[in-house]
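This report concerns only the one structure given below.
Residue numbers count from 1 along this sequence. Predicted model only: the values in this text are computed from it and were never measured.
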Amino acid sequence: MLEIFALPYLAISGVIGWLIFQPFLPAHESESLLPAKIAITDLLAISLPISIVFSLARWIVPLGNMSRSMQATVAATALLVAIPWLTAGLFLVPKKFQISFFKRMAVMGIIAPFGVLLSVGWIGFVIWACTYSLLYIVPSTIAVATATLGLRILGCWVCQADSNFVGDRAADRDSLQEDT
């Protein structure tokens, strides 16, 4: 019975994860998969998924109905979830070339957290939609596919080297060679 549910889930999760994170793999071909150094940008970017967790908690249980211990639990959960997202983002940041502020924000605040969440939790979204009606299975599946495509396009955009950064590095290297 396990293979009826587990194997398709693992296969589809693997395909979704591959589609989202594959653009980052060529950026790491010549170097080992070590995390990038943490930057202020990363800490700023991680506030986006944390605020979404807080918004969802507030939507599920209005703030006036939450006790202090429940509010502390939500805050602790959001921070505990943010740690793997931040770690995943540090492994995704391309180290072959320097990326701009907005691209780093996209990796840390959008691609890493929502890519991990979508790869693992896509089935929860589909099941949640089907609890209301089986007619929602098609729109929820299309939403998962659209989100996967959007994250892949964003990942491909991030992994394109910025010409001004590459040009600046080349100009710096040429000026150093001329000085010596």
Would a single hydrophobic cluster contain both Val81 and Trp59, if residues Ile, Leu, Val, Met, Phe, Trp and Tyr are joined by side-chain heavy-atom contacts under 4.5 Å? yes
Sub-4.5 Å side-chain heavy-atom contact between Ser119 and Phe21: yes
Between Ile83 and Val116, is there shared hydrophobic-cluster membership here, with clusters defined by ILVMFWY side-chain heavy atoms closer than 4.5 Å? no
Applying side-chain contact (heavy atoms from CB on, under 4.5 Å) between Leu92 and each of Val107, Val158, Leu25, report the one that passes. Val107
Would you check if Asp42 and Leu90 make a side-chain contact, meaning some heavy-atom pair closer than 4.5 Å? yes
Check for me, please, whether Leu80 and Phe54 land in the same ILVMFWY cluster - side-chain distances under 4.5 Å, paths through other members count. no
Which value, rounded to the nearest 0.5 Å, describes the distance between Ile12 atom CD1 and Leu7 atom CG? 11.0 Å
Close side-chain approach of Pro94 to Ile99, heavy-atom, < 4.5 Å: yes
In Å and rounded to the nearest 0.5 Å, what is the SG to CD distance from Cys156 to Gln22? 7.0 Å
Is a side-chain donor or acceptor of Tyr136 paired with a backbone partner of Ile127 at a separation under 3.5 angstrom? no
Let me see the working for Ile50 and Leu79 under side chain to side chain contact (heavy atoms under 4.5 Å, CB included), right down to the final yes or no. CA-CA 7 Å; Ile50 289 176; Leu79 292 176; 4.0 Å; yes
Could you walk me through whether Ile38 and Leu86 pass side chain to side chain contact (heavy atoms under 4.5 Å, CB included), step by step? CA-CA 9 Å; Ile38 194 165; Leu86 179 63; 3.8 Å; yes
In terms of hydrophobic clusters joined by side-chain contacts under 4.5 Å, are Trp85 and Val120 together? yes
What about Val138 and Leu134, same hydrophobic cluster or not, with Ile/Leu/Val/Met/Phe/Trp/Tyr joined at side-chain heavy-atom distances under 4.5 Å? no
Side chain to side chain, Trp157 and Ile153, heavy atoms closer than 4.5 Å: no
Rounded to the nearest 0.5 Å, how far does CD1 of Ile20 lie from OG1 of Thr148? 4.5 Å
With a 4.5 Å limit on heavy-atom distance, are the side chains of Pro49 and Ile46 in contact? yes
Does Lys103 use its side chain to pair, donor to acceptor, with the backbone of Gln160 at less than 3.5 Å? yes
Within this structure, what is the OG-CD1 distance for the pair Ser13 and Ile123, rounded to the nearest 0.5 Å? 8.0 Å
For the residue pair Phe114 and Ile52, establish whether any side-chain heavy-atom pair is separated by less than 4.5 Å. yes
Phe102 atom CZ, over 12 foreign heavy atoms within 6.0 Å: no
Does the side chain of Met105 reach to within under 4.5 Å of the side chain of Leu48, using non-hydrogen atoms? no
Flag, side chain of Arg104 to backbone of Thr41, donor-acceptor distance under 3.5 Å: no
Quick one: are Phe24 and Ile111 in side-chain contact, heavy atoms under 4.5 Å? yes
Say you draw a straight line from CZ of Phe125 to CG of Leu118; how long is it, rounded to the nearest 0.5 Å? 9.5 Å
